Amino acid sequence: MPLIKIDDREIEVEKGITVLQAATAEGIEIPYYCYHPALSIVGSCRMCLVEIEGMPKLQVSCNTSIGELPPERKKDGKYDMIVRTQTEIVKRERENVLEFLLLNHPLDCPVCDQAGECFLQDYSYKYGRAHSRFLEEKRVRKNEYLGSNVIINHNRCIMCTRCVRFTREISGTNELFVQARGDNSKISIFEDKSLDNLLAGNVIDICPVGALLSTDYIHKNRFWNLEEKKSICTDCSVGCNILVYSQNNRIFRINARENHSVNGYFICDIGRYGFHRYEDAEKVTSPLIRSDGGFKPISWEGALKEIYEQFSRSKDGEKHQIVGIASPFHTNESLFMFGRLMDNIFKDKSIIGKLPFIEDYEIHFDSGFRISKDRSPNRQGLLDFCLNLEDEILQKVKTGKVRLCYALDDGVDRKLDEEWESFFKSQRFLVVQTYAMTPLAKLAHLILPGPSPMEREGTMTNDQGRIQWLKPSVSLTNKTRPDWEIIMEFMNTVGKRELKYSSVNEVNLEMGERFPSYRGMTFFKIGYQGLPKKNIATSRPSEGGQAGNTVT
Amino acid sequence: MNSVGDGQLTFQFSAAERVEQILSQYPDKRSATLPLLHLAQEQVGYLTSAAIETVAELVEVHPGEIMDTVSFYTMFYTKPKGRNHIQVCQTLSCSLNGADSLVDHISEKYKIAPGEVSQDGKISLVKVECLGSCDTAPVIRINDSYYEGMTVEKFDKIVESF
Amino acid sequence: MDLIGFIIICIKVVVVFAATMLAVMGMIYAERRISAFIQHRLGPNRVGPKGLFQPLADGLKFLMKEDIIPAAVNKPLYLLAPAMLLIPALMTFAVIPFGSSLTLFGRQISLQVADINIGVLYILALTSVGVYGIVLAGWSSNSKYPLLGGLRSSAQLISYELAMGLAIVAIVLMTGSLRLNDIVTSQQGHLFSWYVFKQPVAFLIFLIAVYAETNRLPFDLAEAEQELVGGYHTEYSSMKFAMFFMAEYANMITAAALTVTLFFGGWDIPFVDEAAMGNWGALLSGIAFILKTAFFLFLYIWVRWTFPRFRYDQLMNLGWKVMLPLALLNIFITGGILTIIS
Amino acid sequence: MAVFKPILTRYIHRKDSHTLSGYKNVGGYKALEKMFKTMAPDEVIEEVKASNLRGRGGAGFPTGVKWGFIPKDSQKPTYLICNADEGEPGTFKDRLLLSKAPHMMLEGMIISSFAIDCHLAFIYIRGEFYQEYKVLEKAVEEAYAANFLGKDILGSGFDLDVVIHRGAGAYICGEEMGLIESLEGKRGWPRIKPPFPAVEGYLMCPTIVNNVETLACLPHILNRGADWFKSIGSEKGSGPKLYCISGRVNNPGVYEEPLGILLTDLIFKRGRGLIDGRELKAVFPGGSSSAILRADEIDGLQMDFDSLSAAKTMLGSAGVIVMDETVDMVSVCLNIARFYEHESCGQCTPCREGTTWLVKILNRIYQGKGSLNDIDMIFEITDNIGGLIDPEASGGSFGKTICPFGEAVAWPIRSFVEKFEEEFIAYVEKGVDVS
Amino acid sequence: MATVVKSYEPTFRDKLYIPALFQGLMLTFKHMFKKKVTIQYPDEKHVPPEGYRGLHRLNKYPDGRIRCVACEMCAAACPAHCIHIVPEPSPWEEGKERYPVRFDIDLLRCIFCGFCEMACPEKAIELTEIYDFADYSREGLWIDKAGLLEIYELTKTQNYYTVPNDE
């Protein structure tokens, strides 16, 4: 392992990594624009120049890899490389490059969405000069649409070509290119071949300045107003790691979060703009009971009493009187509680089924990024926790006998086919736990308000068997309650239990007790990056515990 | 977004065997981009978007990438040029030896500014950088031929022959 | 006493009462204006010419205000307290001569409501009664601040009453009478026959004590807005609150009049024989009395806006350790000198 | 020293010099036969190394050494590219060779390919050189017909195909990495080094890029030996060199002389002095990318790589541009700056933004609206683009761009302002309005 | 090292206090005749000194476009968190591409520190010298964009920035 020295700090690094990577890993800041860990190296921004002993010129640290020197040629007798990032020349160089970058920059930070998370701002503040020496007219170009969701502001562009390389190397769709050369160069698209692939939104993320803008977020808010929450995406069973930005319980945008075991640095546009579906849905905020063709609000106590009354009409020893419909959209904890409710409390009176899984075509990108065929986020968890899951429930159950049907609702856009619709319609008493007025909820006799995917908390198991924490991005409102809590109340009411879990963590512990493959799973162990199910037992907290940040 | 002329909607290489030959001589298809673009330009006079798409298909890349290449090089035109495309070198040696007055003369004669095409489509004029014939400055290039050691009189004589 | 005499006394009572109340209003106005002047302000100048009707407006306001009686108060005492304070204040004025005698319809009418021979004692007695008003107000309010105010007030009054009494004793020694008219007459003649010159120390002690008696700054520890939020009258509102105010000002007027009577020759104009001038003399002497009193009233205001409040321990120190020994010493010296002279 | 007889250009005046028969008549393709018969590839490399042949494209890197960089154990094919993308203002030597002696170059290419075990070679010719392209195409055809190219060349078992690739008008494609990118069909944005092209070049395979003139020297080296080649010219650089003289001289053109000839000889003897006998004012010794020299600096200056480096300029492509006393240096400077602005590829920040800025400032000075501050700004901007001319004084502050274009912009323009500052000041002070 | 400070030793005269009392009285007496500072408010109006920070206004360009670009720098700088902005793409063709669709200031929270004015990169928000804007309700002291623009119309002729408003 080569030993190098960066600014008086001795670092032992892996052979072959670049100076920039070594410095970044050590927490030494070297500014850069064009470098991105997921993209090829072009070294064109010239921001990351450093001084390396023995080299006549300044070197771009993003393209200088560290090798091992033979013992007699080691610098100072022991180092394989001596790097200086803070010398006068380096500082002057950064200042000069920033001056060049800002020559034609409109300096319109007040109207720029990137302000606050802009590398041009940050580095100008840290390394730039205070005044412009450019007396000439700035180059002005009009904004253009690159795709239906992406606008480019040419004036702010610094030609780092991250976006171009992204379309070539990650999405493989090649829509973006650099047009013309020299000072006239700009990012462009070919005629009608606009940037409309499923990863298009990522170019906005990786743009280090405010040149690429999302039509979805443009001029909506300012970065510093937003609260950043680390969560995972629930739009397919890949479980991409995301950052959710919200203000006053309203979500403004979603960005990708780095996780090399799941999604790398990127997310797809389905997940990026998916939150609108939850925001736009007709929310259920209080328990509702059917009355006179419509619904009217009812208290939680009233709702539970109603359930108990319906339940108490069931007779012992008769099968399939109570039907539970589980959903792969719920967390492991909720599904665990649901399975417990069905198997341990209703025992042989009950039967668990599920709606058909939502499946779409699987999308694979050459870079390895994928969108799963399985568009429900937690199928694995459902199979793990609802052990007696009955596939052919429509055939097995004679609806006439069913006293109580308890369904966990799927996503907002879940449609019901005729067969299922008539099944639900024929129920004597259908309880639906949902957060929005879905087609299923509209058939219910009693609606229990649960959290929306952005409000849920718990673990999810993705299609690779990786367990990740779904963290709430916005808080619960009105009379909605966490899913596991509703099921717990259900158990307490009909099963006369006295369960008093105060948080999802306690449910989690109990779950670990009963399902050995999930044993010992805590947030500290899993962390923001998640862990494969098979590693849970063996890993120590530190391994999964560190939180990942997005490199943009 | 950029507009690439207003050419035909489709484009087909007239010399199919030449295309084959070009494609066959490179180890990968992408390398044939420049020769194919030259070929396409010879055929139409400039590069229509249909031509670019055809080339893209042949070399199996996204048309955007071909456009990327096309826009980089000064010898590829995405707008129609005149039948006689006059390129006047304006770099140092030629400039020292009177290229500027030559440009002025041509502009005046055909009432076109550098970069424009005359109304009848006969003449187009551009100023270009060093044509690599500095010993015979000033140099102009009309279509594919060099005319060296130019003077205003000489130029007039040459254009008469068109 | 005949009927006419009774009527005359009644008239005198009414006149004196009205004059006092008028003076109270005047004082409120004066206080506000003068304090404003001292602070470079204008003070009330909107109601009536130069704001003269401001006290009327204030009074009207007090009358109109909601009369709040807190639930926890001892109601009878609570109601009694303001009256207990105001009535003695007004009563004191009865024995103060405010001019030489007037001769009307062949009757000599002394300008004094009641010429009693123990006037000084009467005054001392009534002022002592006044403190009960404060103590009752403080106690009956059933609240912390008023109680503290009441306690402070009673302690303060006891401390200073002593010094005041002793200062007056020096005058009584010199006059040989407890009758206020005698005290006034004994000061007639030239300017230096005023006791202020004969008894400067007694005057000083008396003046200070009187400030303490009337709860005025720098001795207004019973009210102490900053610490006690108004002290004994914290819980009072509307007209009852106004009565405390009136009582305070009435007390001031009485005290000023008393100061004039005891030390500044009362209604006497030096070098002038008022008796010889008949009714004109009486009128003049009345005016002289009013002017002198007015000066001391002004002094009250002036002092209030000049000096800060004493600390409680300072107040007690001054009362017991300075004024009381000084007053005793003064009597001793006065007695000694009188003995030698006689 | 014996009178130097031209080597490369000896027979180019013959009418048939560009044909195979013409070339063969003067001893062409002899070296090839000799090589196939007697030499192994490594020996060829050693011979070239021994001849001290330095690249004629501009940088002057020893050719044999460059060939030696190719990884020995590479499984990938090796490519040779002949760089005929001559675009440097003031340089036109390759054009002469291409049109008059294409077979000499082809022979050089075959030798080179044999040495580096390359079976597919490219000639990247400038797009503007259409006539030369036609000549070359013809020459290649002839060579194929005569089995100098194609399968089993002259029965040696060595295969070589040559492809002529036309550029399309981009100066930056003369830079080897830009050229490789352009050959791959992309925009000519130079790639960052390392990896060097000898390791990962065209299609990520080992690639050697050699200048036309360099390749043309090879047959002669093989024919007459490295020692002979070394004996030509001064100690600092050996071999014949084509010098281009243009600008205000009576007899502009390409002249072949040994390396190390005096610049004054070149201008006054070969170029026959200045037009109308005017005074010499300034001269570019090596194309517009070299720092300019004042008339008083050229006495005794030898035209070779090291002497010119010592004079803080460079031999480059040996394109001598002569300016006489009537030439306005500010307008020349603006002309050069405009050239570089037009040709900047726009990849790295300093060059993309800096060249435009320079043109804007120079334009302002030229229009008489400049200030003295602008002159200082030019110094600073050029330093920021390409660093100081003197590497020692710059303290490592050069090499700020991916390719040497940055320096090629910065050095001449800086030298203009440095050496003719009074003219710039005059523009500023008088506010000379040329229009 | 302790420094020894000699305390002032009062003289006999000081201890008597009487002269000091008179001095004090004379001082207040003199002040009674000094010039009065009272301003008869509704009749006479107080003219605030230069730089007075009163009610806010939102400036416009001469062609009627609002200067504000809704960058929320003022909201960020506000120590009382009294500025609330909702941005949106601007409806005007030329000029900046963003503008405030809502711009509310809670005057009851505002401490009139002027930080907003200093933070504004567009010279859009400005504190006028208007100081009398009392109201009977809390809602009345929640000033919105229309109100702020109205105040600009009222005070258009004046520039309250200490730095000249050059644009």
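Remember, it's a predicted structure, so these values are computed and weren't measured experimentally.
- Using a distance-only test at 3.5 Å, with no hydrogens or angles considered, a donor-acceptor pair links the side chain of D/Asn335 to the main chain of B/Gln90.
- In plain terms, the two heavy atoms of D/Arg166 and B/Met75 that are nearest each other are NH2-CE, 3.9 Å.
- The closest side-chain heavy-atom distance from D/Leu203 to B/Pro27 is below 4.5 Å.
- Between D/Tyr124 and B/Leu34 there is a side-chain heavy-atom pair separated by less than 4.5 Å.
- Applying the 6.0 Å contact sphere to NZ of D/Lys281 captures more than 12 heavy atoms from other residues, nucleotides or ligands.
- To the nearest 0.5 Å, atom OG1 of residue B/Thr69 and atom CZ of residue D/Arg187 are 7.5 Å apart.
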Which pairs would a plain distance check flag for residues 242-252 of chain D, meaning a side-chain donor or acceptor within less than 3.5 Å of a matching protein atom at least two apart in sequence or in another chain?
unit_1	atom_1	unit_2	atom_2	d
D/Tyr243	OH	D/Pro258	O	3.4
D/Tyr243	OH	D/Met303	O	2.9
D/Ser246	OG	B/Ser93	OG	2.9
D/Arg248	NE	B/Leu96	O	3.2
D/Arg248	NH1	D/Asp324	OD2	3.3
D/Arg248	NH2	B/Leu96	O	3.0
D/Asn250	ND2	D/Arg272	O	2.9
D/Asn250	ND2	D/Leu274	O	3.0

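- Within a 6.0 Å sphere centred on CD of B/Gln21, other residues, nucleotides and ligands contribute more than 12 heavy atoms.
- For D/Glu325, the CD atom counts as densely surrounded, since its 6.0 Å shell holds more than 12 non-hydrogen atoms of other residues, nucleotides or ligands.
- The two residues B/Leu131 and D/Phe129 come nearest to each other via the heavy atoms O-CE2, 3.3 Å.
- Taking OG from B/Ser133 and CD from D/Glu86, the interatomic distance works out to 9.5 Å, rounded to the nearest 0.5 Å.
- More than 12 heavy atoms of other residues, nucleotides or ligands sit less than 6.0 Å from atom NZ of B/Lys109.
- Between D/Phe284 and B/Leu92, the closest side-chain pair of non-hydrogen atoms falls below 4.5 Å.
- In this structure the side chain of D/Pro89 never reaches within 4.5 angstrom of the side chain of B/Glu129, judged on heavy atoms.
- In this structure, B/Thr74 OG1 and D/Tyr171 OH are separated by 14.0 Å, a value rounded to the nearest 0.5 Å.
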Evaluate B/Tyr73 against D/Cys173 for side chain to side chain contact (heavy atoms under 4.5 Å, CB included), listing each step before the verdict. CA-CA 10 Å; B/Tyr73 297 99; D/Cys173 292; 3.6 Å; yes
Under the side chain to side chain contact (heavy atoms under 4.5 Å, CB included) rule, what do B/Ser145 and D/Gln131 come out as? Steps first, then yes or no, please. CA-CA 7 Å; B/Ser145 307; D/Gln131 305 305 334; 3.4 Å; yes
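- Closest non-hydrogen pair, D/His165 versus B/Ser31, comes out as CE1-O, 3.4 Å.
- Annotation: the span from B/Asp135 atom CG to D/Leu96 atom CG amounts to 8.5 Å, rounded to 0.5 Å.
- There is no contact between D/Ser288 and chain B, counting heavy-atom distances below 4.5 Å.
- For D/Ser182, the parts lying near chain B are the backbone and the side chain together; criterion is any non-hydrogen pair under 4.5 Å.
- Put simply, the side chain of B/His38 gets close to the backbone of D/Gly167: a donor and an acceptor are under 3.5 Å apart.
- B/Glu65 does not touch chain D: none of its heavy atoms, backbone or side chain, sits under 4.5 Å away.
- Expressed to the nearest 0.5 Å, how far CZ of B/Phe72 lies from CH2 of D/Trp189 amounts to 8.0 Å.
- Contacts of B/Arg30 with chain D are made by both backbone and side-chain atoms, with heavy-atom separations under 4.5 Å.
- Within the 4.5 angstrom heavy-atom criterion, no atom of B/Thr136 approaches chain D.
- To the nearest 0.5 angstrom, B/Thr91 atom OG1 is 8.0 Å from D/Glu343 atom CD.
- Chosen from D/Gly319, D/Gly90, D/Gly188, the residue pairing most often with chain B at heavy-atom distances under 4.5 Å is D/Gly188.
- Summarising the geometry of B/Tyr26 relative to D/Ile164, their closest heavy-atom pair is OH-O, 4.2 Å, with the distance given to 0.1 Å.
- Annotation: cation-pi pair D/Arg95/B/Tyr146 present, NZ/CZ under 6.0 Å from the ring centroid and within 45° of its normal.
- Crowding of D/Lys76 atom NZ: a count of heavy atoms from other residues, nucleotides or ligands under 6.0 Å exceeding 12.
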